[in-house]
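Structure, as structure tokens:
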Amino acid sequence: MSFQPLTQEPEIQRRWLESGAFRAKRASELLPDSKTFYMLVMLPYPSGRIHMGHVRNYTLGDVTARFRRMRGYEVMHPLGWDSFGLPAENAAIKNGIHPAIWTRANIQEMKGQIQKMGISYDWDREVASYQDDYYRWNQWLFLKMWERGDVFRAMRTVNWCEALGTVLANEQVVDGKDERTGHPVTQKPLEQYFFKTTKYADELLACLDGLDWPENVKTMQRYWIGRSEGARLAFDLDIGGEVEVFTTRLDTLFGVTFMALSTEHPVIERAAETDASLKTFCEEVAAVSREERLTSDVKLGHRTALSVIHPFTGEKVPVFAANYVLMDYGTGAVMGVPAHDERDHEFAEKYGLAIPKVIEAESAWDHGILVNSGEFTGLTTEDAVTAMVAKLGDRAGKTTTYKLKDWGLSRQRYWGTPIPTVHCDTCGVVPEKPENLPVRLPEDVAFHGVGPSPLTTSRSFLDCACPCCGRPARRETDTMDTFVDSSWYWLRYLDPNNSQLPFAKAESDAWMPVDLYVGGIEHATMHLIYARYFYKVLRDLGLASGPEPFQKLICQGMVLKDGSKMSKSKGNIVDPDEVISKYGADALRLFMTFAAPIEKEIDWTGFEGIEGASRFLKRITRMVEDHMNTAEPLPAKEQLSAEEKALLIKLNQTIQRLTDDLERRYQFNTVVSGLMELSNVLHDLPAAAPHRGAVMQHALDAFARLMSPVAPHLAEQLWSQLGHAGLCMQAAWPGLDAQYLEADEVLVVVQVNGKVRGRITVPASATEDQRRQAALACPEAQSHLAGKEIVKVVLPPGGKLVSIVVKG
RNA sequence: GCGCCCGUGGCGGAAUGGCAGACGCCGCGGACUUAAAAUCCGCUGCCGGAAACGGCGUGCCGGUUCGAAUCCGGCCGGGCGCACCA
């Protein structure tokens, strides 16, 4: 049978599904000595169509899953849908259809496309976050976290659009206006729910060291967590009360000439009530948009009528409101030491403040020895901090702060998991009872695109009984950030039908941690921090074991077209379906695997690459067609011709290399080049080779299995043609035959002073001394040795090279 | 500004301190064909040479080593992330 992917691939996909070959075992079915492998790809958003980024991601995951199955592992390889979020709601506004209908249709469409790729997902484990048997467990976990004190409520500013009467996400705000309608957007404080992620900041930081993740992702997370050791110190206000600062340089305390407070600091807000010009200043700072803040670092300040008292000198220090002090880091207040801090220096120069030097060091911003610092003069930075903390008593203490923020999970939206709390006039905000879950999204809603979330207008949703006192109460209308959905989904795959718990611990103990997680670099911080945080919470709830969910992470590069990202607006999308309907799934998979190393970008320049992949598959097919099946056993090594032996050596070297590439190196592109090299050698075997039939049968049997992870459809077809009854994907990965790993004679390179001057062939069994003698005798080397003194001869391990060092 | 990653033929890339450019794409020559496509055979880093062969060569400069694309230091260029974090 020739290469006819368009008719053959669907047929083979049907055989796979009927045989249940993709099904993963439950914990109870695993044997004590079963080796398991959990292959996970990032949860996709059902936008409507798959794109080349998905194709690349899923192909590489599938190659690994299929390879591990053939290596005898029990493999978990599931997929689901990140199916809550804004686009569905926008589509509902635009087209007048319910988000659920839009979402369901998209999932169906994309699932069909993925199935055409021949990806070996266990579809019985498919989950979708918009379904209530998924999101009820978001709610259940929320209640558990509430009980443990891991959830709290606090004020936070949001992007508020008065004209639309709604809250907007950061990416919806452009130039301080709603990007859709152009209505102005302002900042408005709102009471919202938070997860206490900072509670795990230290552990999240410490555990990074043990993870087999790309270094740049780990670095990004370390920076994101932003641990900083320093001290807190309280200054007394002249009008009573105090202001606490956080500083990493308590040793510079005698250099303080001003106090800079955030415009949102409570002390400033109170002062602004009686100080009109301060109030104006604060409003001006607040009016600066996010983008402007990011591009400009001009320092602005406003001197208040307040002062604080220096704890050692007793001098009065003026208090400023300043735009460069962030309310949500440290205490929102900074002690200004212009001589030893770059930002404070700029500020002091601008406002004419004194800049007294109190540290002697190489540069102004370095640690050093204290000067002009009273009794602390002469101490080092480190000793001074300790001494000052001791002297200041209750007023100061060493402390650690983080850039990591608590996770604000409230969204004022319809299409998300309802937060399971109730507002009661008597009891306040109280959690819903677990037995009342799920709190379902109401159906009696309309989508206008104006005004608050439809949840706030649905009587059937709003009206409820207080879980504490039973009196009429109002349901919470905030829904959860969709990052909650994606923070534990891989555990639900393990037990998708459990109606008692989000998942059974036996299942997570059997499969966790995930052995390989593949996805885009864009999730380096947010998703991958939230997911790690959730896993630690789940562990502390007794639901999961182990500190970390994802042992190995690979971030695959983007698929580009002519150097830029494929997007609808640019009109440069290459549709995977089109490629499959012309070349077949195997050709696309092969090209995606071969084109570049996994972490690099691929530029889809044209169809040359896919043509090449298709050509290779045709060549392989022809080779099997031209071969006559035989049951004749492989003859002993001594009986084989030189070419036949060479072929078997190449075969075994290829098996060894591919196994290492797939098992240890996760280097997929060289798997394909290895297959191509082997096919070239098979192709070159002379027609008259004495044992051609048996040798080719042996080699092709192995070849079909070696190509099976990358081009599984054609591998099945060839496997059948080669006379095998079962599925190739269920056959064992080829083993190594040690006698064919090395040739009888090996090539040895001869270097003179580091340059290659000759090549000799010696028996594989040659001793070091024999190799040395043969190298020295080699004529090409001789011409470079004549008249020179041999200083030494180096024979590195491996025996493939002799390095001669000469002088004169 | 700070941090991380990456610089190899016309292109994608290979080389796990040991023959730089595997494998593929493009291109060129040939076979088959009335012709074309497909397929098959061959060539293809640069300079010199008819060839044998020689020289140069992995962004640049230096170092370690018998030996460096690979390790170390400095610089140049590109990408990504963070960005007033006290």
Side-chain angles (χ1 to χ4, degrees), chain A residues 214-224 226-228 230-231 245-249 252 260 262 293-299 322-326 328-337 340-344 346-347 401-405 521-522 524-525 555 557-558 590-591 594-597 599-613 615-616 618-619 622 657 660-661 664-665 667 669-680 683 747-759 780 791-806:
Chain A
E215 207 49 49
N216 58 336
V217 175
K218 290 208 268 188
T219 306
M220 279 161 73
Q221 292 214 348
R222 284 190 191 105
Y223 197 79
W224 190 266
R227 185 189 152 96
S228 175
V245 300
F246 171 76
T247 176
T248 55
R249 293 299 301 276
T252 63
S262 166
R293 267 204 152 172
L294 291 178
T295 51
S296 160
D297 58 357
V298 175
K299 283 168 191 56
N323 70 338
Y324 74 96
V325 181
L326 307 173
D328 53 7
Y329 181 78
T331 60
V334 173
M335 61 180 216
V337 184
H340 303 290
D341 181 279
E342 208 169 349
R343 297 151 303 189
D344 296 346
E346 189 186 333
F347 190 83
T401 63
Y402 301 88
K403 286 188 212 169
L404 183 74
K405 310 273 192 301
I521 186 79
E522 65 273 20
T525 43
C555 293
M558 285 197 300
L590 191 78
F591 170 70
F594 182 52
E599 68 283 353
K600 290 193 76 170
E601 294 169 342
I602 291 180
D603 200 333
W604 188 287
T605 44
F607 286 82
E608 287 94 352
I610 194 98
E611 295 271 8
R615 228 172 355 241
F616 170 73
K618 282 181 201 155
R619 207 152 42 215
R622 219 175 302 124
R657 173 175 163 189
D660 194 44
D661 282 350
R664 185 179 63 85
R665 302 217 300 161
Q667 181 164 291
N669 54 330
T670 49
V671 169
V672 178
S673 52
L675 287 170
M676 287 173 167
E677 278 182 46
L678 178 57
S679 85
N680 289 342
H683 186 84
L747 184 75
V748 174
V749 169
V750 182
Q751 288 185 348
V752 179
N753 282 354
K755 288 196 173 179
V756 177
R757 295 299 182 183
R759 296 173 178 84
E780 296 94 333
V791 180
K792 65 171 158 177
V793 180
V794 183
L795 283 100
K800 287 188 290 188
L801 183 132
V802 177
S803 181
I804 303 166
V805 185
V806 297

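Being a predicted model, the structure only gives us computed values, none of them experimental.
By the 30° and 60° cut-offs, the orientation of the rings of Phe591(A) relative to Trp604(A) is perpendicular.
Gln667(A) comes within 4.0 angstrom of sugar-phosphate atoms only, judged by non-hydrogen atoms across all strands, and of no base. Base engagement by Val298(A) is indicated by at least one non-hydrogen atom pair under 4.0 Å involving a base atom. Nucleic acid contact class of Ser803(A) (heavy atoms, under 4.0 Å, all strands): base. Contacts of Asp660(A) with the nucleic acid, taken as non-hydrogen atoms under 4.0 Å apart, include base atoms. Looking at heavy-atom distances under 4.0 Å, Val749(A) makes contact with a base. Nucleic acid contact for Leu747(A): base, since at least one base atom lies under 4.0 Å from a heavy atom of the residue.
Nucleotides G13(B) and U33(B) place their P atoms 41 Å apart, quoted to the nearest Å. Taking atom C1' on both C53(B) and U8(B), the two are 25 Å apart, rounded to the nearest angstrom. Across the P atoms, A36(B) and G30(B) are found 12 Å apart, a figure rounded to whole Å. With both ends at atom P, the span from U70(B) to A15(B) equals 15 Å, rounded to whole Å.
Distances shorter than 4.0 Å separate some side-chain N or O of Tyr329(A) from OP1 or OP2 on A86(B). In this structure, Lys600(A) reaches the G13(B) phosphate: one of its side-chain N or O atoms is under 4.0 Å from OP1 or OP2. The side chain of Asn216(A) places no N or O atom within less than 4.0 Å of a non-bridging phosphate oxygen (OP1 or OP2) of G81(B).
Side-chain N or O atoms of Asn753(A) include one that pairs as donor or acceptor with a backbone N or O of Val806(A) at under 3.5 Å.
Two rings, from Tyr402(A) and Trp224(A), have their centers 6.0 Å or more apart.
Along RNA chain B, the nucleotide nearest to Ser673(A) and the one nearest to Pro597(A) differ in position, and the one closer to the 5' end is contacted by Pro597(A). Nearest-nucleotide mapping onto RNA chain B: of Gln751(A) and His683(A), the residue sitting toward the 5' end is Gln751(A).
Nearest to the side chain of Tyr223(A), among A86(B), C82(B), G24(B), sits C82(B).
Atom P of nucleotide C5(B) and atom CZ of Arg222(A) are separated by 11 Å, given to the nearest angstrom.
The partner of A83(B) cannot be assigned: no Watson-Crick or G-U wobble pair with both contacts below 3.5 Å exists in any strand. Pairing partner, U33(B): none, since no Watson-Crick or wobble contact has both distances short of 3.5 Å. Pair assignment for G24(B): C11(B), on the basis of Watson-Crick or G-U wobble contacts that are both within less than 3.5 Å.
Because its glycosidic torsion is more than 90° from 0, G13(B) is reported here as anti.
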